Amino acid sequence: MAISKLTLNDGNQVPWIGFGTGTALYQQDAQNSVQTAIVNGFTHLDGAQMYENEESLGAAIKSSGAARSALFVTTKLHKLQPGQTAKSALHVSLKKLGLDYVDLYLIHVPGQHVGQLTEVWKSMEECKKEGLAKSIGVSNFEVAHLQEILKGAEFPPSVNQIEIHPYVWKSLQPVIALHKEYGIITSSYGGLSPLFRAPGGPLDPVIEKIRARLESTRGQSVSVSQVLNKWLQQYGILVITTSSKADRMREYLDTVNVPELTAEEIESIESAGAQRHQKFFVCPIDSRHRYSTDQNAL
């Protein structure tokens, strides 16, 4: 199954959906899960230094036998150690991954680089210029964080990966507007959280009604997960998801074959989402993995 691609603001292309190695795989051996994802059709693999499993991600890539050009590999910058730069940190990641370059390199958490974002971004730009990363971007950035690096950037970020689902959609409009201004692709993680982390909310009956309509239109099974992933896809959002189950992986990839949501259905999802504001993820903010709910640290 060919995976459709999104074009980044630097001209490179990225598969619209990727397999993430965080969440359940955080600090775990990811090799088997990633191998299963590749076998079942995923070509975009989303890792991070923070996840502490880049070696096993690299082992899965090697054992898959897939051509390097057939895969899109992302990693993310963690908190810098004394004397370290984004470029030197990437060299460490590349050694762990067993790769000469990554396709996308993101600053993972802006709160880990307070007062240094401009300097860190310059080092990210060096990675791009030297071919260590084909594209560069950010994650968990709000408007102020983006503005801080954009004012002196030679290359604007190609991607901002953030928590996106209907329960935060309304609050994300300012940052999404800035993305559009600079051609930054909006990428999502946690997109299915309302269904599995907060069942029984105002979104559930809306999603079920749409699921039933889509299933009837399609003439074959449609899941509630596919409804939310289709909502994200129709906005041109780059979706990062994960699962330990092969059938679930295939289901996520099959989202492209689900009929499109109508404008009314999209509006109903967003109206239901606006009834509740709930984030599900916070990020570790230091090497001891302390967690913060401070919005400026996410």
Side-chain angles (χ1 to χ4, degrees), residues 1-9 13-20 40-42 44 159-181 183-243 247-281:
M1 180 191 304
I3 299 176
S4 61
K5 296 183 178 181
L6 302 169
T7 300
L8 303 176
N9 57 12
Q13 292 191 313
V14 54
W16 82 273
I17 190 168
F19 183 81
N40 283 280
F42 275 93
H44 179 179
V159 170
N160 185 16
Q161 186 182 121
I162 53 182
E163 180 181 346
I164 305 179
H165 48 75
Y167 289 155
V168 294
W169 182 249
K170 184 177 179 180
S171 67
L172 292 175
Q173 294 314 296
V175 74
I176 290 174
L178 191 60
H179 291 174
K180 291 179 180 177
E181 182 179 346
I184 300 168
I185 289 289
T186 304
S187 178
S188 72
Y189 65 83
L192 304 180
S193 296
L195 301 176
F196 302 112
R197 295 174 182 266
L203 193 62
D204 290 24
V206 174
I207 295 297
E208 175 54 31
K209 180 180 179 181
I210 296 170
R211 185 206 66 75
R213 197 280 297 174
L214 291 172
E215 187 168 281
S216 176
T217 300
R218 187 183 188 190
Q220 63 186 88
S221 177
V222 172
S223 71
V224 291
S225 297
Q226 287 177 318
V227 176
L228 272 187
N229 280 336
K230 194 70 180 182
W231 172 71
L232 292 165
Q233 186 198 20
Q234 283 183 229
Y235 272 111
I237 289 171
L238 165 54
V239 174
I240 302 301
T241 190
T242 193
S243 178
D247 57 348
R248 191 66 61 81
M249 295 176 186
R250 291 191 294 270
E251 173 192 306
Y252 295 159
L253 292 171
D254 182 54
T255 299
V256 294
N257 298 313
V258 172
E260 290 206 341
L261 308 180
T262 66
E264 292 77 13
E265 287 170 336
I266 290 172
E267 183 180 359
S268 68
I269 289 173
E270 292 161 18
S271 294
Q275 295 176 38
R276 172 184 289 182
H277 178 74
Q278 185 174 2
K279 287 178 68 75
F280 297 94
F281 292 89

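In this chain, residues are counted from 1 in sequence order. Please read all numbers here as calculations on a predicted model, not as lab measurements.
When all heavy atoms are compared, the tightest approach of F281 to E163 is N-OE1, 3.2 Å. Taking all atoms of both residues into account, the shortest heavy-atom contact from I3 to G41 is CD1-O, 3.2 Å. Across F280 and S193, no two heavy atoms sit closer than the pair CD1-CB, 3.4 Å. Taking every heavy atom of both residues into account, L228 and G191 meet most closely at CD1-O, 3.5 Å. Heavy-atom minimum distance, W16 versus N229: CZ3-O, 4.2 Å. The two residues E215 and Q220 make their nearest non-hydrogen contact at CG-O, 3.2 Å.
With rounding to the nearest 0.5 angstrom, the CD1 atom of I240 is 4.5 Å from the OG atom of S187. One finds the CZ atom of F19 at 3.5 Å from the OG1 atom of T242 (value rounded to the nearest 0.5 Å). Interatomic distance, CZ of R250 versus CG of N40, reported as 4.5 Å (0.5 Å rounding). In this structure, the separation between NZ on K180 and CD1 on I184 is 13.0 Å, given to the nearest 0.5 Å. L238 contributes atom CG, which lies 7.0 Å from atom CD of Q161 (distance to the nearest 0.5 angstrom). Rounding to the nearest 0.5 angstrom, the gap separating the CD1 atom in I210 from the OG1 atom in T262 is 7.0 Å.
E267 is linked by a side chain to side chain contact (heavy atoms under 4.5 Å, CB included) to S271, counting only residues two or more places apart in sequence or in another chain. Every salt bridge (Lys or Arg N to Asp or Glu O under 4.0 Å) that R213 has, sequence neighbours left out, goes to E265. Residues satisfying the side-chain hydrogen bond (donor to acceptor under 3.5 Å, both in side chains) test with H179, not counting sequence neighbours, are N160, T186.
For Q226 (side chain) and E251 (main-chain N/O), a donor-acceptor pair under 3.5 Å exists by modelled atom type.
Residues R276 and P194 have side chains not in contact (no heavy-atom distance under 4.5 Å, counting atoms from C-beta outward). Contact annotation: the side chain of L261 approaches that of Q234 to within less than 4.5 Å [non-hydrogen atoms, C-beta and beyond]. Inter-residue side-chain proximity for W231 and E270 is flagged as met; some heavy-atom pair is nearer than 4.5 Å. Considering only heavy atoms from C-beta on, K5 stays 4.5 Å or farther from V14 through its side chain. Inter-residue side-chain proximity for P15 and F42 is flagged as unmet; no heavy-atom pair is nearer than 4.5 Å.
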Would you be so kind as to tabulate the donor-acceptor pairs closer than 3.5 Å made by side chains of residues 198-208, with sequence neighbours excluded?
| residue | atom | partner | partner atom | Å |
| --- | --- | --- | --- | --- |
| D204 | OD2 | G200 | N | 2.7 |
| E208 | OE1 | R211 | NE | 3.0 |
| E208 | OE2 | R211 | NE | 3.3 |
| E208 | OE2 | R211 | NH2 | 2.9 |

List the atom pairs, with distances to 0.1 Å, where a side-chain N or O of residues 168-178 and a protein N or O form a donor-acceptor pair under 3.5 Å, not counting sequence neighbours.
| residue | atom | partner | partner atom | Å |
| --- | --- | --- | --- | --- |
| S171 | OG | V168 | O | 2.8 |
| Q173 | NE2 | W169 | O | 2.8 |

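Of the charged side-chain nitrogens involved, none lies within less than 4.0 Å of a carboxylate oxygen, so that E260 and K230 do not count as a salt-bridged pair.
Legend: salt bridge (charged side-chain N to carboxylate O under 4.0 Å, His left out) pairs involving residues 216-226, not counting sequence neighbours, sorted by first then second residue: R218-D254.
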